[in-house]
Amino acid sequence: NTLITMRYKMNSISQRGRTFNLKESRKPKKPNYLLLLLFVILCLVVISFIFSATYVFQHVHTKESERPNIESFVLPKKVNHSLQGQKISQSLEIQAAHQHSPKTSDPNLPKWITDYIAWHRKMRSEFPGQSIITDPNAPPVLVRTCLGLCGGLHDRLGQLPLDLFLANQTNRVLLFKWVKPQPLEEFLVPPSDGIDWIFPNGVQGWGTGCNTLNLCAKQVRVHPQLPGNYGDGKERKEVSFGDLIDDDLKLLNGKMKNDKAVTYQILGHLSEDYLEKRLRDLGETDMIHGTASFGNIFRKFFQPHPNVQKEIDDVNEKYGLVPGEYTVAHCRVRHPKAYKKGETFNGHFIANADKLGLPFEGRFKDFAVDIASRAVQCAVTLPDVEQHPIYFMADESELVRFVTRDVVNAKFISEHANWFSNPTSTNATAKAIMSKHNVVARDQDIKNAHIDKNKGRPVEEYYGTFVDLYLGIQARCVVFGVGYYALFASKLSGTSCKMRYAKEMWGGYNSTHENEAQECALP
């Protein structure tokens, strides 16, 4: 009874409270404007939050839908290595789940190359650093080496299409290993969206713990090596180039298939016909060497090292060189094929000029200056050249300094007046030509070192070779003579404005693309 009585009293009190409150609420009150304002602000904040959350969700959803599918590339269990009746894009059967990823596909390259690049990038990612060599699960590698005499820059880097072909047809990761004159990565580095071709440092037995270039090279030479046709390769000069490559492919897919790392050195840019025939036989339509693909491949492998790029930028800024708005004139005056076989200057064989140099005097000086004058004279016959500077580059630093500095310097001319007294002399002719045109050149404070013949020098002494190559690539027109260095630059840029003012006096030549250049009409 007591409990019931207490509940009844409490309910009565509660009911009266509710009745009181209800009645009080019915009484008219003055509106509280401050609370009303706070309520409106709160509503606006909530609406804004809801709108922002909706936008973020939609934005993230859109980004997710645009993100490349990065599903793994899968190598088939069985790969058909036969080259007969087989599309080259199927020789390395890499299935890309997302073909339009900018990291793995390039519409400016043939599909077989973009597929290989995609696979190469995936392998370097899965087996980083030394593991690409040491991990038994990593794919085999094909290592293009330079351990001694390897030729100039075109000889070393001018056959990337063939290098890719060999690696693609044998399912190997392509790497580069230069011992001489310095590691390639001191001058060129892989672009972020390209091929990481750098051989990992510190792998035992690959140039480790050696204090001379020769000892480092000796270590690398003991590894399995393909027969080659130049320099350090196990040379097979008695066979044709086509037979050599065919035999090497059979070796890589046969007896050497289980060799983890195989090295090679093959000179291939003089035999571009071979690769183009193979590509046609395999149903390809892009022959690469004469198309934009040649330069696009190079850019997938290389960009200038920051130190080299700085020098390129400095030259552009100092001389007002705008890419695509200047002409390059190149002179190769120390090349043996610029002269008859066995020719000498003052008792020095011209064949040794790249290594030992020649005194810039007498007959050699006159010859070099005449060549430079002809190169510039031919350059100015090209359309609109007067509106653009001519960048002059040569393998002989003294020649560059003489024709771009000395012959247009009043003090120098005054001090050597007898050199210019005869208006038909070599020096006077050079002075007249260079004075009429805007001919510029980078400073020659560091004498040009030949990349093949002058070994063991500081890295900086080889920068000039790479600086001039890229300045040649930037040019609207390229004028060249003996050697393939400047022609190489024109192939990389894809310019159709190229002129040859002199031919090599002996030896073979590239019949496919060397003759695509215009011949200088001057006598």
Quiz item: Taking the side chain as C-beta and beyond, is there a heavy-atom pair between V369 and V407 under 4.5 Å?
Solution: no
Quiz prompt | Option from R476, Q387, Q474 for which side-chain hydrogen bond (donor to acceptor under 3.5 Å, both in side chains) with Y326 holds | solution = Q474
Quiz item: Would you call the rings of F302 and F176 parallel, tilted or perpendicular, where under 30° means parallel and over 60° means perpendicular?
Solution: perpendicular
Practice problem: Consider only side-chain N and O atoms of D155 and Y484, and report whether a donor and an acceptor are under 3.5 Å apart. | Solution: no
Exercise. Dump the intermediate steps for side-chain contact (heavy atoms from CB on, under 4.5 Å) on M505 and K337, then the final yes or no.
Key: CA-CA 5 Å; M505 296 193 68; K337 293 184 179 181; 5.7 Å; no
Quiz item: When you look at Y264 and V143, which way does the side-chain contact (heavy atoms from CB on, under 4.5 Å) test go after all the steps?
Solution: CA-CA 6 Å; Y264 76 107; V143 187; 5.9 Å; no
Self-check item: Any donor-acceptor N or O pair under 3.5 Å, side chains N307, E311
Solution: no
Exercise. Kindly indicate whether a cation-pi arrangement holds for K498 with F480, taking the cut-offs as under 6.0 Å to the six-membered ring centre and within 45° of the axis.
Key: no
Practice problem: Determine whether R124 and L175 make a side-chain contact, defined as any pair of heavy atoms from C-beta on separated by less than 4.5 Å. | Solution: yes
Quiz item: Hey, does H289 have a side-chain heavy atom less than 4.5 Å from the side chain of P161?
Solution: yes
Quiz item: Side-chain contact, heavy-atom cut-off 4.5 Å: T426 with K431?
Solution: no
Quiz item: Could you go step by step and tell me if E396 and K447 meet the salt bridge (charged side-chain N to carboxylate O under 4.0 Å, His left out) rule?
Solution: CA-CA 8 Å; E396 175 55 61; K447 188 175 178 65; 3.0 Å; yes
Quiz item: Counting distance only, does the side-chain N/O of H416 pair as donor-acceptor with the main-chain N or O of W419 below 3.5 Å?
Solution: no
Self-check item: Side chain to side chain, L249 and F165, heavy atoms closer than 4.5 Å
Solution: yes
Quiz item: Where do Y391 and D468 land on the side chain to side chain donor-acceptor pair (under 3.5 Å) test, with the steps shown first?
Solution: CA-CA 9 Å; Y391 179 76; D468 281 347; 2.7 Å; yes
Quiz item: Do R144 side-chain atoms and I266 backbone N/O form a donor-acceptor pair below 3.5 Å?
Solution: yes
Practice problem: Using the salt bridge (charged side-chain N to carboxylate O under 4.0 Å, His left out) rule, take K180 and D452 through it: C-alpha gap first, then chi angles, then the decisive distance, then the call. | Solution: CA-CA 8 Å; K180 299 180 181 181; D452 197 47; over 6 Å; no
Self-check item: Lys/Arg-Asp/Glu bridge criterion (N-O < 4.0 Å) met for D370, R374
Solution: no
Quiz prompt | Spacing of CZ belonging to F241 relative to CG belonging to L162, to within rounding of 0.5 Å | solution = 5.0 Å
Quiz item: S490 side chain to L487 main-chain N or O, any donor-acceptor pair under 3.5 Å?
Solution: yes
Quiz prompt | NZ or CZ of K218 within 45° of W206 ring axis and under 6.0 Å | solution = no
Quiz item: Quick one: does C477's side chain get under 4.5 Å of V328's, heavy atoms only?
Solution: no
Quiz item: Under 3.5 Å, is there a donor-acceptor pair between the side chain of W197 and the main chain of F301?
Solution: yes
Quiz prompt | Donor-acceptor under 3.5 Å (N454 side chain, K355 main chain) | solution = yes
Quiz item: So how far is it from L492 CG to I473 CD1, rounded to the nearest 0.5 Å?
Solution: 4.5 Å
Quiz item: Counting only N and O atoms by type, is there a donor-acceptor contact under 3.5 Å from the side chain of E284 to the main-chain atoms of L279?
Solution: no
Practice problem: For T212 and N214, test the side chains for any donor-to-acceptor distance below 3.5 angstrom and give the result as yes or no. | Solution: no
Self-check item: Parallel, tilted or perpendicular, as decided by the 30° and 60° cut-offs, for the rings of F345 and F367
Solution: tilted
Exercise. Ignoring hydrogens and angles, tell me if any N or O in the side chain of Y462 forms a donor-acceptor pair with the backbone of H450 under 3.5 Å.
Key: no
Quiz item: Going by heavy atoms in the side chains, are V400 and F392 under 4.5 Å from each other?
Solution: yes
Quiz prompt | Separation between CG of L188 and CG of L157, rounded to the nearest 0.5 Å | solution = 6.5 Å
Practice problem: Assess whether salt bridge (charged side-chain N to carboxylate O under 4.0 Å, His left out) is satisfied between K177 and E185, documenting all intermediate values. | Solution: CA-CA 9 Å; K177 176 74 175 178; E185 53 268 31; over 6 Å; no
Quiz item: Should we count CG of N201 as having more than 12 external heavy atoms under 6.0 Å?
Solution: no
Self-check item: Approximate separation, where rounding is to 0.5 Å, of H330 NE2 and L469 CG
Solution: 10.0 Å
Exercise. May I ask you to say whether D443 pairs ionically with R401, meaning some side-chain N is under 4.0 Å from a carboxylate O?
Key: no
Quiz item: So which heavy atom on T263 is nearest to which on V220, and how close?
Solution: CG2-CG1, 4.4 Å
Quiz item: Measuring from L399:CG to I371:CD1, what's the distance to the nearest 0.5 Å?
Solution: 9.5 Å
Self-check item: Inter-residue atom distance Q377.CD - I433.CD1, 0.5 Å rounding
Solution: 3.5 Å
Quiz prompt | Q204, CD atom: more than 12 neighbouring heavy atoms under 6.0 Å | solution = no
Quiz item: Where the side chain of R334 meets the backbone of D395, is there a donor-acceptor pair that is under 3.5 Å apart?
Solution: yes
Quiz item: Can you list the steps and then say if T208 with V203 is a side-chain contact (heavy atoms from CB on, under 4.5 Å)?
Solution: CA-CA 7 Å; T208 55; V203 180; 5.6 Å; no
Quiz prompt | Other residues, nucleotides, ligands: >12 heavy atoms within 6.0 Å of E317 CD | solution = no
Practice problem: Using only heavy-atom distances, determine whether the side chains of N448 and E461 contain a donor-acceptor pair under 3.5 Å. | Solution: no
Quiz item: Hey, are R332 and D354 close enough for a salt bridge, meaning a charged N less than 4.0 Å from a carboxylate O?
Solution: yes
Practice problem: Determine, for R121 against D193, whether the closest basic-nitrogen to carboxylate-oxygen distance falls under 4.0 angstrom. | Solution: no
Quiz item: Heavy atoms, side chains only, cut-off 4.5 Å: are F199 and T145 in contact?
Solution: no
Quiz item: What are the two closest non-hydrogen atoms of P336 and A351, and how far apart are they?
Solution: CG-CA, 4.0 Å
Quiz prompt | Considering all heavy atoms, the nearest C331-A372 contact | solution = SG-CA, 3.6 Å
Quiz prompt | For the student: nearest non-hydrogen atoms of V479 and Y501, plus distance | solution = CG1-CD2, 3.6 Å
Quiz item: What's the shortest heavy-atom distance between R500 and A517, and which atoms?
Solution: N-CB, 4.4 Å
Quiz item: Does a salt bridge link K436 with E386, judged by any charged N lying under 4.0 Å from a carboxylate O?
Solution: no
Practice problem: State whether the side chain of N229 and the backbone N or O of L267 hold a donor-acceptor pair below 3.5 Å, judged by distance alone. | Solution: yes
Exercise. I would like to know whether T404 and M434 meet side-chain contact (heavy atoms from CB on, under 4.5 Å); could you show each step before the answer?
Key: CA-CA 7 Å; T404 65; M434 303 304 167; 5.8 Å; no
Self-check item: Exam field: side chain S425 to backbone N422, donor-acceptor pair closer than 3.5 Å
Solution: yes
Exercise. Taking all non-hydrogen atoms of both residues into account, name the closest pair between A261 and P224 and its distance.
Key: O-CD, 3.6 Å
